[in-house]
Amino acid sequence: MSAGAFRTATGGRIDRTHTLRFTFDGRPLQGCAGDTLASALLANGRHLVGRSFKYHRPRGIVTSGSEEPNALVTVVRDGGRTTPNLRATQVELYDGLTAISQNRWPSLTRDLGAINDKLSLMFPAGFYYKTFMGPRFLPENWAWTKVFEPAIRRAAGLGRAPTSADPDRYASRYAHCDVLVAGAGPAGLAAALAAAEAGARVIVADEQSEMGGSLLSASRGAINGVPTAQCAADALAQLAGHARVRLLPRTTVFGYFAQNMAGLAERISDHDPSPDPEGPRERLWQVRARHVVIATGAIERPLVFSNNDRPGIMLAGAALTYLNRYGVTPGQRAVIAGSHDGIYAAALDLAGVGVEVAAVLDTRADPQSAAMAAALDAGLPIRTGTCIVGSRGHLRVSEIMIGAPMADGSIRDAGRIPCDCLLMSGGWTPSVHLFSQSRGKLRFDAAAGVFLPGVSAQSETSAGACGGASGLAAVIESGAAAGRTAAQACGFGLGRARAYRVEGILEATEATGHVNAPRLPQGMAKAFVDFQNDVTSRDLELAAREGFRSIEHIKRYTTTGMATDQGKTSNMNALALVSGTLNTTVPDVGLTTFRQPYTPVTFGTLAGMARGDLFDPIRRTSIDGWAQGKGAAFEDVGTWKRAWYFPRAKEDMHAAVARECRTVRAAVGVFDASTLGKIEVVGPDAAEFLERMYVNAFKALKPGRCRYGILLNEAGFVIDDGVIARLAQDRFHVTTTTGGAASVLNMMEDYLQTEWPDLQVWLTSTTEQWAVIAVQGPRARDVIAPLVDGADVGGEALPHMSVCEAKVAGVPARLFRVSFTGELGFEINVPVGAGRSVWEAVAARVEDAGGCAYGTEAMHVLRAEKGYIIVGQETDGTVIPEDLGLGWAIGKSKADFVGRRSLVRPDMIRTDRKQLVGLLTRGRDVLLDDGAQVTSVAAPAKGTAALGHVTSSYHSSVLGKSIALALVRGGRGLMGQRLHVPMPKGAVEVEVVSPVFYDPKGEKLNG
Amino acid sequence: MQYSFLNLVRQGLSGHQDWPAQWRSPEPKTAYDVVVVGAGGHGLATAYYLAKEHGITNVAVLEKGWLGGGNTGRNTTIIRSNYLWEESEAIYEHALRLWETLSRELNYNVMYSPRGVMMLAHNVHDVQVFKRHVHANRLAGIDNEWLSPEEAKAFCPPLNISRQLRYPVLGGALQRRGGVARHDAVAWGYARGADRLGVDIIQNCEVTGIRRDINGAVEGVETTRGTIKAKKVGVVAAGHTSVLMAMASLRMPIESFPLQALVSEPIKPVLPCVVMSNSIHAYISQSDKGELVIGAGTDVYTSYSQTGGLHITTHTLEAIAELFPTFRRLRMMRNWGGIVDVTPDRSPIIGTTPVPGLFVNCGWGTGGFKATPGSGHVFAATIARGEPHPIAAPFSLERFVTGRLIDEAAAAAVAH
Amino acid sequence: MASVDAAVSAGGGRDAGALVRAAAPAARFVFRGRDAAVATVASALGTPLSLEPCRASQSVGRIALWLGPDEWLLIAPRSEGGLVASVLAKALGGVPHALVDVSDRNSALIVSGPAVEDVLSAGCPLDLDQAAFPVGMCTRTLFAKAEIVLWRTAPAEFRVEVARSFLPYVEGVLAVAVRDGG
Amino acid sequence: MLLIHCPYCAMERPEIEFRHAGEAHVARAPDPSQLDDETWAEFLYFRSNPKGVHAERWRHVHGCGRFFNALRDTVSDRLLVTYKAGEVRPELPPQEHSR
Ligand SMILES: Cc1cc2nc3c(=O)[nH]c(=O)nc-3n(C[C@H](O)[C@H](O)[C@H](O)COP(=O)(O)OP(=O)(O)OC[C@H]3O[C@@H](n4cnc5c(N)ncnc54)[C@H](O)[C@@H]3O)c2cc1C
Ligand SMILES: NC(=O)c1ccc[n+]([C@@H]2O[C@H](COP(=O)([O-])OP(=O)(O)OC[C@H]3O[C@@H](n4cnc5c(N)ncnc54)[C@H](O)[C@@H]3O)[C@@H](O)[C@H]2O)c1
Ligand SMILES: Cc1cc2nc3c(=O)[nH]c(=O)nc-3n(C[C@H](O)[C@H](O)[C@H](O)COP(=O)(O)O)c2cc1C
Ligand SMILES: [Zn+2]
């Protein structure tokens, strides 16, 4: 037989003619198109697929869906595409698939870690809190950090992270719809159809490769005369016919956020043996829906009994899915057990394909149902009032022990049944995850023993099994009704309701079945509640015994529900156990919080296309290309790239910067200042507005003149500065720091709109309108004069701190006479489109004049030589103008400006505040570290408070020595004194000097 | 019963039947000497040190939910003391020293793991700021060292130090004594310790009012389990501080924001240390169980909802995936939020209040887990003596009036 | 969408079909002011300024995009820039207002094609369905991490105005989005 | 991600287009120099930070650029109403408070 000895002859949705080869732990196997890795492994009789987290117990496939706790594998692909911790139940088989098991060494069948199982008495829940603190004779924490913790870490974890970078791409999309349907089982499909037919814009997402949910596992029955298994395809075809319906298979609705936003993770290419290398692997959808229909079904619960975790023990519903959807039988001799009618359907279907049904065990004493009657008719060996008390077998179950519960609560031995698989059903838990994430309140349905959606918090409806509907007819009905309600909530008419007639189904009589009272183990045996994290019934009892009452504590102490399946199959069992142990009710104990994601979501999917150059915008000036051509090095300033320095042949950064500085001082330099923020402030009240914003007086500023502006926050601290030019009575050109451009504009708008809405003044960002070419140096005027048309650039006509309009190199420009170097300087503002050409014209003349282009580093050195501050370097959000020696800038006659009141708070008028000073090192070449501390003695005792710190430190090639700016306590009163700067190699003696190192009289400003 | 390897073995042989409750669940008494509001790490530590160091054992810790269920139970557990300002250095270093001996002190393994905290610099400005920290810390006797990108990579192999990164790693500041601890164990250890010294920890008991006598001084609290008298009340309620202080008609310089964190599925050890990147908002370590524990940024609006927006998470994972390209295929397993109490200068408020008998310890914002032992220690002293412990003194409420802020945010963006 | 496959491929297909091209060079002005000035501009420009939020108006190649209750982005052919500036300046005379030339501040892209909504939805959080974002609607918004002004000029065509330095980024994201069908 | 109704654009827009701007109705005194240190500190730093209905400011920064006010429930994060800057805080129907 092809593709597995446990494959049925016919049936299922796989393509038997299309054989796929794959390997598991190196062993070559075959499956069929349409298989999952799990179904293909089972078809080959392979149940053992992994080892548990803590005890390394052999584990098999328990479920057929995303709730799988055990069957986690690593799928190996080329390069960085290997992925750990995938659920075999969700991995679609493709030709050549390579999967390996995890958390075992040296092999899955012989795993040394299994010793933990033998020693498990030492490892109850939370054991690590109680030990590893000694031994006493060793220093505190020594053994823990050196021995125990490393050992624990090595033992923990499941799969291995890839070792090379992920080469795949991830896409993302915002989407909007009227109705989002989560889950495309019978309820979801009926809802989608109803909503679509009412005219709504619908998105349907289902995490599986094929839509249809439980319909795909149906073996009998019909809806409106169409066999159930065919119904999904019909519904999908109809949905596809609606232009406003979007079907998203392989897409998990993983999160339900505020105001009906849902996060969806679409898996696009993992199922493909050779995916399009250009295409994305997965896609994040952020969907805003007006109404959400949650139709996510229900999840079956395991039974809790001794050794309930052996390979070969699986959920009955899963077995049905493997049989009817994948054509796979779970074994040759099956025992089927549970407290729910589902077991009869499973038994009948298995018997129907020739599996020997060794026994059907119903824990209920006297169940009555059509399903049971059918099983009786078929002659299946049914035992009611019977439970399972244990299992045997090594790497696979070989036998189960059964018992009969007595009236006094004890259990009478009722024998053993040899088998190679046990199919169990402890009932069904409605998937209320998304509802709960939407912040809806759950209610406990005592009759069914489950939590169901109670009070909604958002516009949503739960339909089908997740909403508590039982039986296919009711499920479809609730889905259709939900779809109609949803469309109506979005303003569409109710429309005609479709009629659905369901026939021939073995309906369950109860929605879910009560949480099965666990049959607790005797002796050493363990009964697992949370399979993946190896949490046993005993761990839960221990937690209760140790005083943990809250289920939240019990969860964290035992780690139940904290594995990759987040307790999908285990939380209700844990809850039942705990409430039993604590002698209270399930709703009194309550649930832990449902959190997104519903199932794990790839980091790459969440990061989307934000990687490499698209991680954040890379902003480049219009002159950037020129700088690149000259081999400039760049630095990041906010999102901008700025030319940092322009190394010439063999120059390192130091040499290049030294040359650039000398050239500016001796001749002329040209600098790209385009990134400076610019705001055009226009209107009759413009001067008044700026007067209120900045510390400086602006009303008195004459058109054509500029002023250095300092901006404080309301707390009085310097947050920005820049040159502000008055272009006309009602028009200012304000510049800000590169990093401050957006926040200053925001702050100005804030005051304008909310504090002074009466002012007639408007703001426009012009940062990107103007390219700014700074020409600085004694020859600056010579360089630009021939290029300027329409203005006199002479010292009289255009004095320091003035502005005019002119043509530069033929381009209309705003020409500023300003200096950030202390040299004669101009800043040519031209429209960005002409930036490069004007720059080239200027740069050519600069070079002819013996000058050069300089970068931000030289700019920093030049300004530091002059003692000019840089916001963010000399300031750190705790500095007021007076600290910087900028008290002079404050408009003395002004009644108010932003931050003024704060400047007279007690701490601001202290005399021992840190003040900006210059520092000169004893040795001329000793360079202080940025941020080095300043102390009064060379070797301060540990814990001595510093006097201050170095804010800027450079080697000045022009002055032939190192210079530094520093904020020092009472610094202006310490001129000439010797202080110390402790550095890694010993303290450096420094002299406190004026922060203006170069041209203190400012004579060079005039060339 | 003492926790020890020997007792673990002994108990193992008898099926662990005899472990006593880690703490009692007592009924509240009508009066206590001190009531601590909030059974987070800080509140429990406060009670523990009140009993242990000041002999004040007639203490109740009132908790509206389950102890440790606030931010203590939802933080990324980063511990370090390399803060900038002297006042901060003093308190965080005080805490770090206590961390180093905490497991034995409490006889509870809190799994303090000094595996090193590395903060990455991505631009010249970052480099300058971090170097300033390094220098300041060294002067204060706090370890902090500067690493080149290559050294950073050697310390943390999965780190991407490619110069081609949008924000390349230009180096990092490493505090080797920094690390992580098992957050729940910290709450449980202090709870057990305090309980053993006689403190009543009363869960599911929400404080709904603060009672004051005719002189305005505190005389007790109203709770969902009745009135409880006390002449001294210490509020240690993190995100809920404003709500509690409003009960005494006090407004606070605090806003409460959602802060999110997430974990990946567990994987074998890949990340040996803690990595923080303030400028691109990513914080990551690997727990002993194997999950990557990742901290995100705060949402922009105030909220009491313990959840946050997806866009905050995606933003964080963008940064993580860029710094650790081998993690891109790993998957987020759970995402949650806490409510952090943020002050204007990102430094805590510890001390007295204008209401006699009412003490407050709050404002730890995004970074108070690391301070837990130190905070509890100095707050206990403050309550016991009725005046601020010297280390706590600079963190007074008055600083907002005088303007003497301790602005960690100004110098280093977010402070985890 | 005729079949399931077609419906699915609209979500992930690569033949989605959208085209990105640069718009013709334009003159641009930000006009800000109060009611009196608004009327004056409208008549001088020959194009009414929409007072309805998020609506564009245009005639004879002159375009006014509502950006805010006191803010419009005026766009004209590049060659008419000088003319528009002087006409407006003259008309506005003593009326308080702000008119700022931002011709070079922005660049513009035209994105068109049957998949244009999906492609833009790769980065734009707004509902671009015609019912929600009809022809003639314009607004500042976000495209991934860049601020843009988005204007629907035809059922399957949008104009994207973006600050100059963000253009490579926006083009980069668009290129990826087109390749991925959104 | 919240959905916020901008009263100037007259439509709901996604949160990422907005910038939160702190508590609303914290008025800056016309002449701050008249205030004592405590009152000024109150204006600068002290906030009501309520658990429940909160009046706050938002700016539609990547939209129309306007600052406006909103009432939001800080427990459910539901935006109850938004209104233009300068308008008085609206009264909510009683049931909104209790949610
Ligand atoms: C996601 C996240 C990541 C973080 N990461 C770090 C990190 O890496 N490093 C770090 O140092 N810090 C971090 N922090 C911050 C840190 O968690 C907190 O600063 C610290 O845990 C605060 O401890 P606490 O004891 O003061 O507060 P909590 O643990 O929040 O305790 C306060 C308690 O008060 C209770 N309470 C409130 N109101 C009442 C009432 N009316 N009556 C009774 N009880 C009440 C609450 O239920 C709560 O249990 C993070 C925080 C978050 C949310
Ligand atoms: N209520 C019960 O106890 C019970 C038990 C067993 C079977 N059933 C039967 O099962 C059917 C229930 O139908 P239904 O439509 O409610 O459920 P269903 O199980 O048929 O469909 C749910 C679908 O939702 C998908 N899904 C779940 N979570 C998702 C998520 N977060 N994102 C995307 N997709 C997700 C699943 O893959 C599945 O396809 C009925 O036929 C009913 O009789 C009910
Ligand atoms: C450091 C740390 C590690 C965590 N590890 C896990 C984990 O392995 N599995 C898990 O499900 N949750 C883990 N959590 C998250 C908790 O389950 C929970 O989400 C968090 O404590 C917040 O509580 P809440 O979600 O119940 O509100 C971890 C939390 C923290 C703080
Ligand atoms: Zn708006």
Side-chain angles (χ1 to χ4, degrees), chain C residues 30-35 38 49-56 64-73 98 100 102 105-106 120-134 136-152 160-163 166 169-170 173, chain D residues 1-28 30-31 54-92 96:
Chain C
V30 168
F31 163 71
R32 304 192 66 169
R34 296 182 182 172
D35 295 354
V38 175
L49 267 53
S50 169
L51 296 178
E52 185 189 344
C54 303
R55 285 297 178 275
L65 305 182
W66 186 99
L67 294 185
D70 66 353
E71 182 178 6
W72 287 261
L73 179 63
V100 178
V102 293
R105 188 181 79 171
N106 293 2
L120 288 171
S121 291
C124 178
L126 299 181
D127 187 351
L128 301 179
D129 188 74
Q130 280 201 61
F133 202 119
M137 178 165 163
C138 64
T139 181
R140 234 182 323 238
T141 182
L142 288 170
F143 184 69
K145 292 179 182 170
E147 183 180 284
I148 58 169
V149 173
L150 188 63
W151 170 30
R152 188 176 214 135
V160 176
E161 288 268 330
V162 55
F166 286 90
Y169 171 80
V170 168
V173 176
Chain D
M1 195 196 301
L2 307 180
L3 203 54
I4 301 171
H5 184 268
C6 172
Y8 295 93
C9 290
M11 63 178 103
E12 286 193 316
R13 303 281 288 250
E15 178 193 332
I16 50 174
E17 285 186 350
F18 297 83
R19 182 188 295 215
H20 190 259
E23 184 164 356
H25 310 298
V26 180
R28 187 179 191 273
D31 184 0
H54 181 42
E56 64 191 6
R57 304 184 326 128
W58 290 87
R59 180 178 183 214
H60 195 184
V61 60
H62 301 298
C64 64
R66 305 309 290 182
F67 284 83
F68 60 91
N69 295 331
L71 296 185
R72 186 173 51 85
D73 182 337
T74 61
V75 178
S76 67
D77 291 335
R78 243 163 34 94
L79 278 137
L80 306 174
V81 61
T82 56
Y83 51 104
K84 294 182 177 177
E87 292 178 359
V88 294
R89 177 180 169 148
E91 286 296 323
L92 288 174
E96 298 288 15

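Chain identifiers are assigned alphabetically (A, B, ...) following the order of the sequence lines, protein sequences preceding nucleic acid strands; residue numbering begins at 1 within each chain.
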Checklist entry - Passes side-chain contact (heavy atoms from CB on, under 4.5 Å), D:I4 versus D:R72? Steps please. => result CA-CA 10 Å; D:I4 301 171; D:R72 186 173 51 85; over 6 Å; no
Checklist entry - What do you reckon, is CG of C:D35 surrounded by more than 12 foreign heavy atoms closer than 6.0 Å? => result no
Checklist entry - In chain order, what residues pass the side-chain contact (heavy atoms from CB on, under 4.5 Å) check against C:N106, with sequence neighbours excluded? => result C:R28, C:L73, C:E161
Checklist entry - Most heavy-atom pairs under 4.5 angstrom with chain D, which of C:D127, C:I148, C:T141? => result C:T141
Checklist entry - Tell me, side chain or backbone of D:M11 under 4.5 Å from chain C's heavy atoms, or both, or neither? => result side chain
Checklist entry - Picking from C:V149, C:L142, C:T139, which has the most non-hydrogen pairs under 4.5 angstrom with chain D? => result C:L142
Checklist entry - Pairs in or reaching into residues 58-67 of chain D: which pass salt bridge (charged side-chain N to carboxylate O under 4.0 Å, His left out), with residues at least two apart or in two chains? => result C:D70-D:R66
